[in-house]
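Below is one structure, written out as structure tokens, with a few remarks after it.
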2 protein chains.
Amino acid sequence: MDARDEALDSAFMALADPVRRGIIARLSRGAATVNELAEPFDISKQAVSRHIQVLEQAQLVTRSRDAQRRPVHLNPARLEALTAWIDQYRLVREAQFRSLDAVLQTNAASRGTQEKEPS
Amino acid sequence: MDARDEALDSAFMALADPVRRGIIARLSRGAATVNELAEPFDISKQAVSRHIQVLEQAQLVTRSRDAQRRPVHLNPARLEALTAWIDQYRLVREAQFRSLDAVLQTNAASRGTQEKEPS
DNA sequence: CTTCTAATCAACTGATTTGTTTATCAACTA
DNA sequence: TAGTTGATAAACAAATCAGTTGATTAGAAG
């Protein structure tokens, strides 16, 4: 059992906010500063700064230094970790659905639709 | 700009909890009842019931009826929607990294490692 | 030194989340 | 009928989160 993974906790939580997802979307086109990232949103720069801290703690973004600026960079590796977790279960289920399809095709609806667990 | 998507809000939020991720993991091996899902956790069945409601509201799971039981089923389509969102940005960034690699190889480190923010 | 800019810290408020316990509902069973 | 089981609802406390405003650090530029 995984499910005791704080990295997944913080990463999924970080993406559960439209502002933070907007920041991710912006960063996919290149690094940006806090002021640049805050511009499209109707909240204070302090609020955006804390959103970025949330993303940074989740390791979805990293930060560098350029004089008094602190550009934010996307970290695709963490995003990949999330898709890996999801696919781990999504693909299993879909494989089972495909198997079910195969069984139904093989049996060719030979018996009456007896369903205890409906699909 | 998407980022105003409440379905993504609720889905990512739902996965930001180890109990709910454990439920997803269990359901990837087949449907289960609340009591079965609650068994591995050290919290009350009521708490698990509400976790399932969170997953249901996020449309990550569905429920059917079997007498007084209410089996919970995984909904792989929603999981796929999450990977689709993530990949939308992850792949862009990784493509840019590959392009950067190509540029670096072409230039063959001809100039000193000058890293500013290419704005 | 003084001022401006980029960014963060601190304190506070209101809303939301997570868990508990108690009580209730609905369907099966004896 | 009464009793049992599966599941939920309601009310509450503790913790956390998202936003605000105001003050503060650190570096750049005058």
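Chain naming here is simple, since letters A, B, ... match the order of the sequence lines and numbering starts at 1 in each.
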Within this structure, what is the [atom1]-to-[atom2] distance between [X] and [N], rounded to whole angstrom?
X: Leu55(B); N: dT18(C); atom1: CG; atom2: C1'; result: 14 Å
X: Arg50(A); N: dA6(C); atom1: CZ; atom2: P; result: 21 Å
X: Ile52(B); N: dG19(C); atom1: CD1; atom2: P; result: 13 Å
X: Gln53(B); N: dT16(C); atom1: CD; atom2: P; result: 17 Å
X: Phe12(B); N: dT16(C); atom1: CZ; atom2: P; result: 22 Å
X: Asp66(B); N: dA26(C); atom1: CG; atom2: P; result: 18 Å
X: Asp9(B); N: dT16(C); atom1: CG; atom2: P; result: 13 Å
X: Lys45(B); N: dT18(C); atom1: NZ; atom2: P; result: 21 Å

Would you confirm whether [X], through its side chain, and [Y], through its main-chain N or O, come within 3.5 Å as a donor-acceptor pair?
X: Arg20(B); Y: Leu15(B); value: no
X: Asn75(B); Y: Thr62(B); value: no
X: Arg90(A); Y: Thr83(B); value: no

Exercise. Of Gln46(A) and Gln68(A), whose closest DNA chain D nucleotide lies nearer the 5' terminus?
Worked result: Gln46(A)

Seminar exercise, completed: Comparing nearest nucleotides in DNA chain D, the 5'-proximal residue of the pair Thr33(B), Met13(A) is Thr33(B)

Exercise. Can a side chain N or O of His51(A) be found less than 4.0 Å away from OP1 or OP2 on dC17(D)?
Worked result: no

Exercise. If you find the nucleotide of DNA chain C closest to Asn35(A) and the one closest to Ile43(B), which residue's nucleotide is nearer the 5' end?
Worked result: Asn35(A)

Residue [X], side-chain heavy atoms: nucleotide from [options] that is nearest:
X: Arg69(B); options: dT8(D), dA6(C), dG6(D); answer: dG6(D)
X: Ser44(B); options: dT21(D), dT21(C), dA28(D); answer: dT21(C)
X: Ala47(A); options: dG6(D), dG19(C), dT20(D); answer: dT20(D)

For this session: Would you please test His51(B) and Leu37(B) for side-chain contact (heavy atoms from CB on, under 4.5 Å) and show each step?
Result: CA-CA 10 Å; His51(B) 278 300; Leu37(B) 291 170; over 6 Å; no

Exercise. How would you label the contact of Arg20(A) with the nucleic acid (heavy atoms, under 4.0 Å): base, sugar-phosphate, or nothing?
Worked result: sugar-phosphate

For this session: Decide yes or no for Arg65(B) and Arg70(B): does some side-chain heavy atom of the first lie under 4.5 Å from some side-chain heavy atom of the second?
Result: yes

